[in-house]
Asks: 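Below is the structure I would like to discuss, written out as structure tokens.
Just the heavy atoms: all of them, side chains too, but no hydrogens, waters or symmetry mates, feed the values below.
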Amino acid sequence: MALSTALGGQVMTLDTLVRLRRGLHTPGTPRRLVVPDGMTAPLGCDAVAVPARFGPLVMPRLPRVGCVYADEAHWWWIVPSDSDYALEWPAPAQYAAGAVVPDAPSTPGLIHKPEGTIPYTPPIPLYLALCRLTGTTPAWSRAVSA
């Protein structure tokens, strides 16, 4: 089966069309976490990812949990934009400006939606929980050298 333009242009086979479609979402294509319908993000959205093994350990340590997304490798928490300002998120956490998930084969699925219309997990409690789990001293508690 082949398709061509009405003006006698290039002929495209079904195989070509399938290849083009697959090329739209290659594994290296960044994907954005989308806030669920009915929720608003007045402060913009960024995301913090941790390896999936840490996800269940972080949840009970938080006073409020916003939208959380997960795939096989990571759990992603939605935080207000610029929540990385003056914070060094502890490794192995990854900060994703704009809630863009790099190198994911598919967009992570929503596993937790909070009550109400605000999708955010408060960033400071999330930061402290991650510091605690990773044995990292919070940035503001570190000794400053002259």
Side-chain angles (χ1 to χ4, degrees), residues 1 3 5 9-10 12-146:
M1 174 183 212
L3 299 174
T5 63
Q10 181 179 2
M12 299 183 89
T13 66
L14 186 56
D15 290 337
T16 303
L17 293 172
V18 168
R19 242 187 341 270
L20 289 172
R21 174 73 178 136
R22 287 183 183 153
L24 291 176
H25 296 291
T26 60
T29 301
R31 300 171 189 280
R32 184 177 309 278
L33 299 174
V34 178
V35 173
D37 288 339
M39 299 195 97
T40 60
L43 302 175
C45 284
D46 288 348
V48 176
V50 299
R53 70 181 183 275
F54 287 120
L57 302 173
V58 172
M59 294 286 274
R61 296 173 184 257
L62 299 172
R64 180 185 190 284
V65 179
C67 289
V68 180
Y69 299 80
D71 58 23
E72 290 179 9
H74 295 93
W75 283 30
W76 301 83
W77 277 264
I78 295 293
V79 294
S81 290
D82 300 323
S83 292
D84 61 335
Y85 182 75
L87 283 181
E88 296 172 30
W89 288 85
Q94 300 172 18
Y95 191 85
V100 174
V101 180
D103 301 326
S106 62
T107 304
L110 181 67
I111 61 167
H112 183 269
K113 179 181 173 189
E115 297 283 328
T117 60
I118 304 298
Y120 306 123
T121 294
I124 299 300
L126 178 58
Y127 173 80
L128 292 172
L130 291 173
C131 284
R132 177 89 171 161
L133 285 172
T134 61
T136 304
T137 302
W140 55 78
S141 297
R142 295 182 196 143
V144 178
S145 61

Asks: Which one of Asp46, Asp84, Ile124, Leu43 satisfies the side-chain contact (heavy atoms from CB on, under 4.5 Å) criterion with Val79?
Replies: Asp46
Asks: Hey, does Pro56 have a side-chain heavy atom less than 4.5 Å from the side chain of Trp75?
Replies: yes
Asks: If you measure from CD on Glu88 to OG1 on Thr136, what distance do you get to the nearest 0.5 Å?
Replies: 10.0 Å
Asks: If you compare all heavy atoms of Arg64 against all heavy atoms of Ile118, which two are closest, and at what distance to 0.1 Å?
Replies: NH2-O, 2.9 Å
Asks: Quick one: CG on Asp71 to CZ on Arg31, what's the gap to the nearest 0.5 Å?
Replies: 10.5 Å
Asks: Taking C-beta and beyond as the side chain, do Leu126 and Trp89 meet within less than 4.5 Å on heavy atoms?
Replies: yes
Asks: Would you check if Trp77 and His112 make a side-chain contact, meaning some heavy-atom pair closer than 4.5 Å?
Replies: no
Asks: If every non-hydrogen atom of Ser81 is compared with every non-hydrogen atom of Tyr95, which pair is closest and at what distance?
Replies: C-OH, 4.2 Å
Asks: Compare every heavy atom of Ile78 with every heavy atom of Ala99, then report the nearest pair and how far apart it is.
Replies: CB-CD1, 4.2 Å
Asks: Would you name the heavy atoms of Tyr69 and Pro36 that are closest together and state the gap between them?
Replies: OH-CD, 3.5 Å
Asks: Could you tell me if the side chain of Leu110 sits less than 4.5 Å from the side chain of Trp76, heavy atoms only?
Replies: no
Asks: Got a second to check how far Leu87's CG is from Asp82's CG, nearest 0.5 Å?
Replies: 11.0 Å
Asks: Any side-chain heavy-atom pair from Pro108 and Leu33 closer than 4.5 angstrom?
Replies: yes
Asks: If I compare all heavy atoms of Tyr120 with all of Pro80, which pair ends up nearest, and what's the gap?
Replies: CD2-N, 3.5 Å
Asks: Out of Leu133, Val48, Thr121, Val68, which one pairs with Val58 under the side-chain contact (heavy atoms from CB on, under 4.5 Å) rule?
Replies: Leu133
Asks: Do Pro114 and Met39 have side-chain heavy atoms sitting under 4.5 Å apart?
Replies: yes
Asks: Looking at every non-hydrogen atom in both residues, tell me the closest pair between Ala139 and Tyr127 and how far apart they are.
Replies: N-OH, 2.8 Å
